[in-house]
Amino acid sequence: METSPNSDLVSKGEVLALIFELFPWLRQFEQASLNDYAKAAFSVGSDQSGCVARSQAMSLLRSRVAAVAQRQGYSAEAASRFQTEIEVAPVLQCGPHLHLLIEPDAFYTHLFSLMGLRAHGRTSYISYACSTVKFVERGRKGPAWLHVDGDAVNVFGLSRSKMIPYSILGRNGCYRFHLQNVDRPGDDSEAISCLRDLLPRGEFQSAAEAIKAANLCLWKRYSDSQVDFLQLDDTDVADLVADHLSDGRSWLRASLIEDRAFAMRLIHCIDQLADTAWRGWLKNSTHFFWGCIEGRLFPLWLDGRVLRSKATDDVCVEFSPPSLVEALRTGRIVPNLLLMFIVTSILPGVRVLGGSRHTIYYPLMRWAFCEALRNNHRDTQLLNALSKDERPGVWGHRIISSPCEPFSLLNAFSRGGIETLLGLFGKMSIIDACGPLSSFTQDPLWAELAVAYSSGRVGRQSWQWAFR
């Protein structure tokens, strides 16, 4: 019998049992309030290992955070506060893709983050949002779509041919907020008219830049006025990688790029996962970078001393700091997710919050990275620092499941909307707040992992789980 795409493949109970097995510290929050869990998710101290590579990576991250903040219009004082936040309380929300803040997948995750920030009295919020995603992820969902008053809204007014092949980071046109109601064409509804007044009216080189600018407007209008919001995406990560490769003291430059043996060991460790019960969670879909032509992404493979595509149009980039920096600056290549986590989390020692798949693939990334480090005695200090990280990856995305459309909800509560929602959801238990856990129960990878767990092939003692 065929199953519906929306059918559960594994029960919520089985998923929770597996989560508590792999992350035993989470069990104490099974019946706790969401406020308590959010506080724990954002409770982390700065690194005290004295690791030179880690300190240098944090210094570069601090500098890049300040540069992005000032580019987005924050004062030098506010930029300094963002720098202090990422170093003293190193947590990065990485769950939602780069959506408008009022898209449910993003909104309820940022609401959860606000709970954690408030619990610690923090005033700066830094979030990474993946922009190497296409305009349409499935159906009428993705960065190019929004639902307002139950109607589907084409955010940029693009045809399917302009959406399907492209990632939103591509600088391949002029983007503006058209807000085209495809279910009820004609005059704007009151809600869409209100939204149109809130969003920037200018044109942007990429959809990603448009969304980030819009999110600052939406945050100022609806969110906590005491908390500044900084959103990073893959263009910012590309700049951070270029910063590393331009700095002779950077571990990334010396050990990943100039020492090609380490890069090959890391690739090999990831390939090894295909023969284990963790297969499918982490794969070498591309080697450290994606090639990018006008927003179309394609894999690149490390072939000797070059990164090479296998497409009809042969793209070749020398695997050296100067060539990679030039390709990053011009947008010809984009860091992949593994490299993103290396420079924003693994090296600088930043806890990252993520969703249902992140909870598994991120610990596997750390395992592969540490396995590759083991063969190099000069990296002992970094390996020791990584082994002492406390809860480096935490489930912090899609913790709240609600059928309510955020924009309508916010307008219904007027300016007290965020306060009301923080109070409403914050008192709920995790079990109640997360709803049916559809992102877990309808995922074939979680279903396969649950089977592996029940048969004893997966557990907290699995050697690939040593750096969770």
Side-chain angles (χ1 to χ4, degrees), residues 33-39 41-42 72-74 78 93 95-127 129 141 143 145-153 155 177 179 181 188-201 210-231 353 355 396-430 432-435:
S33 72
L34 202 56
N35 275 329
D36 288 341
Y37 179 62
K39 182 178 181 179
F42 279 83
Q72 292 186 7
Y74 283 105
Q93 174 61 259
H97 291 164
L98 187 54
H99 294 286
L100 287 172
L101 285 182
I102 52 176
E103 194 278 333
D105 199 54
F107 177 80
Y108 289 110
T109 292
H110 293 310
L111 190 69
F112 171 78
S113 293
L114 268 179
M115 291 178 196
L117 293 164
R118 281 189 162 200
H120 294 280
R122 295 177 190 155
T123 58
S124 300
Y125 174 35
I126 305 175
S127 172
K141 292 200 68 176
W145 290 98
L146 192 66
H147 285 82
V148 178
D149 284 346
D151 293 336
V153 175
V155 174
F177 292 103
L179 302 183
N181 189 331
D188 285 350
S189 67
E190 183 178 348
I192 292 179
S193 179
C194 174
L195 180 58
R196 192 183 299 281
D197 288 341
L198 290 171
L199 299 182
R201 295 183 179 275
I211 292 171
K212 287 192 289 185
N215 283 345
L216 282 177
C217 298
L218 292 167
W219 186 269
K220 292 174 183 176
R221 170 63 178 83
Y222 289 109
S223 198
D224 190 334
S225 60
Q226 302 302 310
V227 178
D228 289 331
F229 175 59
L230 184 67
Q231 191 155 43
L353 311 185
H397 171 50
R398 293 186 181 136
I399 301 288
I400 300 173
S401 175
S402 173
C404 298
E405 179 190 294
F407 190 60
S408 300
L409 205 57
L410 288 169
N411 286 324
F413 289 119
S414 187
R415 285 196 175 269
I418 284 292
E419 298 295 330
T420 302
L421 294 174
L422 285 169
L424 175 66
F425 287 106
K427 296 174 184 176
M428 298 175 68
S429 70
I430 295 179
D432 291 335
C434 68

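What you see is a predicted model, and the numbers here were worked out from it, not measured in a lab.
- Under the side chain to side chain donor-acceptor pair (under 3.5 Å) criterion, Ser401 pairs with no residue, sequence neighbours left out.
- Shown here for Leu34 and Ala433, the closest heavy-atom pair between the two residues is CD2-CB, 3.9 Å.
- No side-chain heavy atom of Asp149 sits under 4.5 Å from any side-chain heavy atom of Phe407.
- The two residues Ala214 and Pro200 have their closest heavy-atom pair at CA-CD, 3.7 Å.
- No side-chain heavy atom of Thr109 sits less than 4.5 Å from a side-chain heavy atom of Leu353.
- Looking at heavy atoms from C-beta onward, Val153 lies out of side-chain contact with Leu195 at the 4.5 angstrom threshold.
- Leu111 is listed as a side-chain neighbour of Ile418, based on a closest heavy-atom distance under 4.5 Å.
- The two residues Gln93 and Pro96 make their nearest non-hydrogen contact at OE1-CD, 4.0 Å.
- Looking only at distances, a side-chain donor or acceptor of Asn215 sits under 3.5 Å from a matching main-chain atom of His99.
- In plain terms, the two heavy atoms of Leu100 and Ala106 that are nearest each other are O-CB, 3.8 Å.
- Within the 4.5 Å cutoff, the side chain of Arg398 has heavy atoms near those of the Asp105 side chain.
- The line from CD of Glu419 to CG of Leu114 is 9.0 Å long, rounded to the nearest 0.5 Å.
- The CD1 atom of Ile102 lies 7.0 Å from the CG atom of Leu199; values are rounded to the nearest 0.5 Å.
- Looking at Arg196 and Ile192, their side chains come closer than 4.5 Å, going by heavy atoms from C-beta outward.
- Contact annotation: the side chain of Tyr222 never approaches that of Leu101 to less than 4.5 Å [non-hydrogen atoms, C-beta and beyond].
- Distance check, rounded to the nearest 0.5 Å: OG of Ser127 to CD of Gln231 gives 5.0 Å.
- The nearest pair of heavy atoms linking Ser408 to Glu405 is OG-OE2, 2.5 Å.
- Applying the side chain to side chain contact (heavy atoms under 4.5 Å, CB included) criterion to Leu216, with sequence neighbours excluded, gives Gln72, Tyr74.
- For Trp219, the ring pair (Phe, Tyr, Trp, His ring centres under 6.0 Å) partners at least two apart in sequence or on another chain are Tyr125, Phe229.
- For the side chain to side chain contact (heavy atoms under 4.5 Å, CB included) test, residues two or more places apart in sequence or in another chain that qualify with Ser402 are Tyr108, Cys404, Phe425.
- Between the CD atom of Glu103 and the CG atom of Leu146 there is a distance of 7.5 Å, given to the nearest 0.5 Å.
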Using ring-ring contact (aromatic ring centres under 6.0 Å, His included), reason through Phe112 and Tyr37 one step at a time and then give a plain yes or no. CA-CA 9 Å; Phe112 171 78; Tyr37 179 62; 5.8 Å; yes
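- The salt bridge (Lys or Arg N to Asp or Glu O under 4.0 Å) pairs that include a residue from residues 107-117 number zero, where partners must be two or more places apart or lie in different chains.
- In this structure, Met115 CE and His120 NE2 are separated by 13.5 Å, a value rounded to the nearest 0.5 Å.
- For the atom pair CD1 of Ile126 and CG of Leu117, the computed distance is 10.0 Å after rounding to the nearest 0.5 Å.
- With sequence neighbours excluded, the residues that form a side chain to side chain donor-acceptor pair (under 3.5 Å) with Asp151 are Asn181, Arg184.
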